[in-house]
Amino acid sequence: MTEEKKEKAPIPRVRVGRLGEHLGETVEIAGWVYRLRSKGKIHFLLVRDGSGIVQAVGVKNQLGPELFDLVGGLTQETSLYLRGSVRADSRAPGGVEMDILDVEVVQRSKDYPITPKEHGVGFLMEHRHLWLRSRKQAAVLRVRDEVIKAIRDFFYERDFACVDSPIFTPAACEGTTTLFEVKYFDEKAYLTQSGQLYAEASAMALGKVYCFGPTFRAEKSKTRRHLTEFWMVEPEVAFATLDDVMELAEEMVSYIVARCLERRRPELETLERDLSKLEKVKPPFPRISYDEAVEIIHRRGFEDFPWGEDFGAPHETAVSEEFELPVMVHRYPAQVKAFYMKRDPERPEVSLCVDMLAPEGYGEIIGGSEREDDLETLRKRIAEHDLPEESFRWYLDLRRFGSCPHGGYGLGIERTVAWICGVEHLRECIPFPRMLYKIYP
Ligand code: 4AD
Ligand code: MG
């Protein structure tokens, strides 16, 4: 190698989130203009690259007039390469700043629609494809990614196998009122409402399994807690009882929260989340029966709430306000629950089921149960729910060949992310939300 070549070592490309490892070095970042502020002969340029935001400072007499004007004319969301030296600055986010040496524009962005001023949520939703670039939205997506990774790690460490369920299905799992029907060649099919029934089959093969995928429900109501397409993780365990299901659920939720606190603190701080509330989330969680929950509901201003009905959002909030931790409400009236749930042999009017309600009014994040494992009882339930037995032939086989007690639950990813992030509405907890009459972008 000649001397000359040695001197011209290329400038390394570094992610903004890792600039702290390059103090005193000259590096290149590739990203987009977030904001530009200028004060006389100094430009303060905020550049984001998806891993973080860094302030790059350009002083006129160091940049020269041409480069100084170029930086001064940079518009929001212009893509660029920026080269500069990295310096510690304790006041800056991430603890670093850059001094600009050179800027190369990739594409000049004109009239970016989302400006630093306040926008209505309708406008932002129409521009969801761009809104994702905002600091808070990007932080929610990072937390979502962490939640998903934590779930996969949690199950992997405990010897569960991920066995995914199909999305096209011939029958309903969670009631017939929210089915999305699709044409499947010459037949009718439905988009899955839950992978559970197939997870039960997988559990009989592998013992401990989970499925994780998108699920679909034609929710006709507009609430902040409902999407028509949401992601659900559903563990299913052979020989598990309701108590086992509850233990697994509280362990998993505590694991997810601990992981987010460990690895996503900056994002949670960006979201101004009260972390002291999350730090309390450790097992055991309180467990109360539906009957006890009804007493709380009566005491908290819904005197007329009748035993036997399912809880609405205000009732769930009333119950969860009694506790600092997620609360597990078990043994709901069988009449409001799904056909596959096993009844309590001591009290056949209630199911061996559990809902986990998140604190701070975030509502139900988990629904689960022990499953009916007796062939004849299950056939009766299918008939009672007006479901076509023919479509469940395979499911009934599971009760014919080595049936055993088993159970599991489903955790809604977006509801969990909403609670952990302290975000009001589910629409901000999935990259491209699908809701009643809303499918753009
Ligand atoms: O309580 P659900 O309906 O339970 C089931 O689907 C069971 N088959 C799960 C199982 O036992 N394997 O739904 C489970 C969770 C809810 O607690 C909630 O977190 C989420 O899925 N969920 C929704 N999230 C967003 N939008 C909707 N429309 C949702 N419906 C349910
Ligand atoms: Mg439920």
Side-chain angles (χ1 to χ4, degrees), residues 144 147 151 160 163-165 169 171-180 190-203 209-237 240 242 244-246 248-249 252-253 256 290 310-313 315-316 320 326-330 332-333 336-342 351-358 362-372 395 406-420 423 425-430 433-436 438:
R144 181 187 167 102
V147 166
I151 288 170
F160 281 67
V163 183
D164 285 324
S165 296
T169 57
C173 176
E174 296 295 327
T176 49
T177 55
T178 61
L179 283 172
F180 276 113
Y190 308 102
L191 298 181
T192 185
Q193 297 167 305
S194 153
Q196 177 199 320
L197 307 186
Y198 296 93
E200 287 182 51
S202 313
V209 300
Y210 70 100
C211 61
F212 181 39
T215 45
F216 306 86
R217 296 196 192 169
E219 303 279 3
K220 304 276 166 27
S221 55
K222 252 190 190 162
T223 83
R224 63 190 178 89
R225 290 182 186 170
H226 288 93
L227 299 166
T228 55
E229 180 180 311
F230 63 97
W231 285 65
M232 183 157 48
V233 60
E234 297 181 87
E236 191 71 31
V237 182
L242 177 62
D244 297 329
V245 169
M246 290 200 273
L248 185 68
M252 184 187 74
V253 168
I256 297 171
Y290 171 88
D310 203 358
F311 300 148
H315 309 122
E316 285 181 355
S320 69
V327 53
M328 295 198 276
V329 183
H330 53 79
Y332 282 67
V336 298
K337 289 294 178 183
F339 76 94
Y340 54 72
M341 290 186 181
K342 191 181 172 92
S351 298
L352 291 176
C353 65
V354 60
D355 277 7
M356 186 188 289
L357 311 180
Y362 283 92
E364 179 198 329
I365 53 172
I366 282 183
S369 75
E370 215 175 304
R371 321 305 189 188
E372 180 52 68
Y395 185 62
H406 64 287
Y409 59 83
L411 169 128
I413 296 296
E414 292 75 17
R415 292 214 191 149
T416 305
V417 171
W419 162 52
I420 292 177
V423 167
H425 203 298
L426 247 48
R427 66 187 160 215
E428 292 180 43
C429 299
I430 186 164
R434 299 289 171 247
M435 295 179 296
L436 184 65
K438 215 209 143 291

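In each ligand, atom 1 is the first atom listed, and ligand 1 is the first ligand listed.
- Backbone and side-chain nitrogen or oxygen atoms of Ile365 are examined, and one is located within less than 3.5 angstrom of a nitrogen or oxygen of ligand 1.
- In this structure, atom 26 (N) of ligand 1 lies nearest to the protein heavy atom Leu227 N, 3.0 Å.
- Less than 4.0 angstrom separates some heavy atom of Ile366 from each of these atoms of ligand 1: 17 (O).
- For atom 11 (O) of ligand 1, the closest non-hydrogen atom of the protein is Arg371 NH2, 3.0 Å.
- From Glu236, atom CD reaches atom OG of Ser202 across 9.0 Å, with rounding to the nearest 0.5 Å.
- Heavy-atom separations between Glu200 and ligand 1 are all 4.0 Å or longer.
- Contact between Glu414 and ligand 1 is absent, with no heavy atom of the residue lying under 4.0 Å from the ligand.
- In Glu219, the part holding a heavy atom less than 4.0 Å from any atom of ligand 1 is the side chain.
- Contacts between Glu364 and ligand 1, counted as non-hydrogen atom pairs separated by less than 4.0 Å, involve both the backbone and the side chain.
- Here's the thing with Glu236: none of its N/O atoms is less than 3.5 angstrom from an N/O atom of ligand 1.
- Side chain of Glu414 to backbone of Cys429: no donor-acceptor contact under 3.5 angstrom is found.
- Among all heavy-atom pairs drawn from Gly363 and Glu316, the shortest one is CA-OE1, 3.4 Å.
- For atom 12 (N) of ligand 1, the nearest non-hydrogen atom of the protein is Glu234 OE1, 2.7 Å.
- Put simply, the side chain of Arg144 reaches to within 4.5 Å of the side chain of Trp231, judged on heavy atoms.
- Shortest distance from the Mg ion (ligand 2) to Glu364 is reached at OE2 (N/O/S atoms only).
- Paired with Glu219 under the rule side chain to side chain contact (heavy atoms under 4.5 Å, CB included), one option of Arg434, Arg225, His226 passes, and it is His226.
- At the shortest separation from atom 18 (C) of ligand 1 among protein heavy atoms lies Arg415 NH1, 3.6 Å.
- In summary, the atoms of ligand 1 found under 4.0 Å from a heavy atom of Gly412, numbered by their order in the structure, are 15 (C), 19 (O), 20 (C), 21 (O).
- Shown here are the ring-ring contact (aromatic ring centres under 6.0 Å, His included) partners of Phe160, two or more places apart in sequence or in another chain: Phe155.
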Quiz prompt | ring-ring contact (aromatic ring centres under 6.0 Å, His included) between Phe216 and Tyr190, intermediate numbers included | solution = CA-CA 9 Å; Phe216 306 86; Tyr190 308 102; over 10 Å; no
Quiz item: Can you list the steps and then say if Gln193 with Thr178 is a side-chain hydrogen bond (donor to acceptor under 3.5 Å, both in side chains)?
Solution: CA-CA 8 Å; Gln193 297 167 305; Thr178 61; 2.9 Å; yes
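- Proximity annotation for atom 22 (N) of ligand 1: of Tyr409, Tyr340, Phe230, Phe230 comes nearest, heavy atoms only.
- At least one donor-acceptor pair closer than 3.5 Å links the side chain of Ser194 to the backbone N or O of Gln196.
- For ligand 1, the atoms closer than 4.0 angstrom to any heavy atom of Ser194 are 6 (O), 8 (N).
- Annotation for ligand 1: atoms under 4.0 Å from non-hydrogen atoms of Gly367 are 1 (O), 9 (C), 10 (C), 11 (O), 17 (O).
- Between Gln193 and ligand 1, not a single N/O pair is under 3.5 Å apart.
- Close approach of ligand 1 to Arg225 is summarised as follows: ligand atoms under 4.0 Å from at least one heavy atom of the residue are 25 (C), 26 (N).
- Numbered from 1 in the order shown, with element, the atoms of ligand 1 that lie under 4.0 Å from a heavy atom of Leu426 read 25 (C).
- Atom 7 (C) of ligand 1 has Glu174 OE2, 3.2 Å as its closest protein atom, hydrogens excluded (heavy atom only).
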